[in-house]
Structure formats: C-alpha cells, structure tokens
Amino acid sequence: MQRSILFILIGGGLIVVTLVLFLALGVTVIQTYNNESEYKKTKCHVRGIDVQPMNSKDDWYKCPWTCTVNHTPDGLKTQCEISEFPCLRIVVDVETKFGLKSAILHENPDKMRKYTDCSTYYCDRDSVVNEKEVNKFRKKYGNIGSQYSCYYNVDSLQSDDYDDDGQEHALLKLSYNQASYVNSIFWPALAGLVGLVMGLYGLFTLYAEKKRASDERKKNARLLNEY
C-alpha cells in the first residue's frame, strides 16, 4: 500500500509541476515565440550606419542601469541611477517577396522594444564601457556592403514600393528559436504524461491491494463460519 501511495504522490507532484511549467512557459517562451512567428529568416545587406561620436555625448541615449525601490513619505518610489550610451543605427536592405526593403537592424526584439531608433544598446554603469560594446557590435555587423542572415516581417508591407523612411525593423536574432518552443512544450507534456501514468498505476495497485485484502478477509470469515 505504501508503494501505491508513493506512486500517487509522485504522479500528482509531476502533474502539478507540469501545470506550473506550462503556466510559466506559456507567458514567456510559447507566447513570445508565437508573437514573433511572423518574422521569417531572410538576408540583410548593410546600406548605412549612423552613431553619435564621443564628442557629442549630450546626444547619447539615457538608460537606467540600476533601480531601487525606496520608502518615502509619499509611498514607495523607484529611483534609478542613469547611464548613457551612443545610439548606433544600422540601416539594411532586406530581401523580401516584394524586393529589397529598407529597415533598421536590431540585435534582438527586447532591445528593439526599448530603443526603436537604435540597433543595439548596452547599459553598464560606465558609459565608456557602453561605447566600447556598441563599437564592437558596429565592427561586427555595421560594415557597409556586408550581408548576413536576419529576420523580417515579410508580410507587413502591402505594396512593392521601396520603403526608405526607416520605419521598418529587421532583427538579427529572435528571442527564442523553434527548438526552444518545441522543448517548452515537449518536456512539460512528457512530465505530465509520466505523472498521469504513475498516478493511475498507483490508484490501480491501491485498488487491487484493497480488493485483495477484502477478499482475504471474506475468505477468512468463511473459514471461521465453517468451523
């Protein structure tokens, strides 16, 4: 009986873990992947770059590198220490089904959402470090005439006009790839299936043990009556 209860407890635990994982992954990996599924892999051609030089630091973008929540007489308030970085803008020509389209290249979706005018950003406490990191990205992906794989919403345009207003956006990489999406579904589902099988097995063996014990008691009762 103890073994049956153990199987039931382990199975129930696995099912609970599965539900928690699906809830957590559903609002992160799965939802994000579905939202980004409109982006398809294509090729980007670097057409131009623009970045604020060091002597124009007043034009650098500000970013909160660390934030703390403090108690004040007016309640909780968030205070952030501000750093800054030069905004690098890499303009690429993207291969789409409509032909070449102009777009701003972004390192990933998260950085695109935070700074839509910049291809990348780094927000260390030291702005000199931020500049070095931006320049590293520029040297790797900002060489005019170079080509590399990127992602683009190829169905976002309704015409074949060459769009040169800088309002379109290309991504160097997505938040999650297909393997991450499959793993986020497969492994929790497998854990849930194993938990279900173990739980059912535990219930079956528990029922069988109780039935065997009941039959044994009835048999003993008949033997006593016969004597």
| said: Run the side chain to side chain contact (heavy atoms under 4.5 Å, CB included) test on Glu95 and His45 for me, step by step, so that the C-alpha distance in whole Å, both residues' side-chain angles and the decisive distance to 0.1 Å come before the verdict. | reply: CA-CA 8 Å; Glu95 295 181 5; His45 307 253; 2.7 Å; yes

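- The aromatic ring centres of Phe137 and Tyr122 sit 6.0 Å or more apart.
- Remark: Lys62 NZ is packed, more than 12 non-hydrogen atoms of other residues, nucleotides or ligands lying under 6.0 Å away.
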| query | Could you go step by step and tell me if Val194 and Met198 meet the side chain to side chain contact (heavy atoms under 4.5 Å, CB included) rule? | reply | CA-CA 6 Å; Val194 172; Met198 292 183 69; 3.9 Å; yes

| message | Is there a side chain to side chain contact (heavy atoms under 4.5 Å, CB included) between Cys87 and Trp60? Walk through the geometry before answering. | response | CA-CA 6 Å; Cys87 179; Trp60 282 20; over 6 Å; no

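- Asp124 contributes atom CG, which lies 11.0 Å from atom OG1 of Thr66 (distance to the nearest 0.5 angstrom).
- In this structure, the separation between NZ on Lys97 and OG1 on Thr42 is 12.0 Å, given to the nearest 0.5 Å.
- Annotation: side chain of Met112 is not in contact with side chain of Asn108 (no heavy-atom distance under 4.5 Å).
- At a threshold of 4.5 Å between non-hydrogen side-chain atoms, the residues His169 and Thr116 count as touching.
- Residues Val94 and Ala103 come closest through the heavy atom pair CG2-CB, 3.9 Å.
- Val197 is not connected to Leu14 by any chain of hydrophobic side-chain contacts under 4.5 Å among Ile, Leu, Val, Met, Phe, Trp and Tyr, and they are in different clusters.
- In this structure, Val46 is a member of the same hydrophobic cluster as Leu105, with clusters built from ILVMFWY side-chain heavy atoms closer than 4.5 Å.
- Atoms CD and CD, on Glu84 and Glu131 in that order, are 10.0 Å from each other to the nearest 0.5 Å.
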| CA sep, side-chain torsions, deciding dist, call: Tyr152, Tyr39, ring pair (Phe, Tyr, Trp, His ring centres under 6.0 Å) | CA-CA 5 Å; Tyr152 186 71; Tyr39 285 88; 7.5 Å; no

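- Using a 4.5 Å cut-off between side-chain heavy atoms of Ile, Leu, Val, Met, Phe, Trp and Tyr, with links allowed through other members, Leu190 and Tyr201 fall into the same hydrophobic cluster.
- Atom CG of Asp50 sits about 10.0 Å away from atom CD1 of Ile104, to the nearest 0.5 Å.
- Taking each heavy atom of Ile49 and Ile90 in turn, the nearest pair found is CG2-CG1, 4.0 Å.
- Remark: the backbone N or O of Pro188 is paired with a side-chain donor or acceptor of Thr18 at under 3.5 angstrom.
- Of the residues Leu171, Leu172, Thr120, the one that meets the side-chain contact (heavy atoms from CB on, under 4.5 Å) test with Lys111 is Thr120.
- Side-chain atoms of Asn130 and Ser83 include a donor-acceptor pair closer than 3.5 Å.
- Between Phe85 and Tyr61, the angle of the ring planes lies from 30° to 60°, which puts this pair in the tilted group.
- A donor-acceptor contact under 3.5 angstrom links the side chains of Ser102 and Arg47, judged on distance only.
- Scanning both residues, Lys101 and Thr96, for their nearest heavy atoms gives CG-OG1, 3.6 Å.
- Within a 6.0 Å radius of NZ in Lys43, no more than 12 heavy atoms belonging to other residues, nucleotides or ligands are found.
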| task | Report the C-alpha distance between Cys44 and Tyr141 in whole Å, list the side-chain angles of each, state the deciding distance to 0.1 Å, and finish with yes or no for side chain to side chain contact (heavy atoms under 4.5 Å, CB included). | result | CA-CA 10 Å; Cys44 283; Tyr141 298 106; over 6 Å; no

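- Few gaps surround OH on Tyr148; more than 12 heavy atoms of other groups in view lie less than 6.0 Å from it.
- A distance of 14.0 Å separates OG in Ser149 from NZ in Lys173, rounded to the nearest 0.5 Å.
- When all heavy atoms of His106 and Cys118 are compared, the pair lying nearest together is ND1-O, 2.8 Å.
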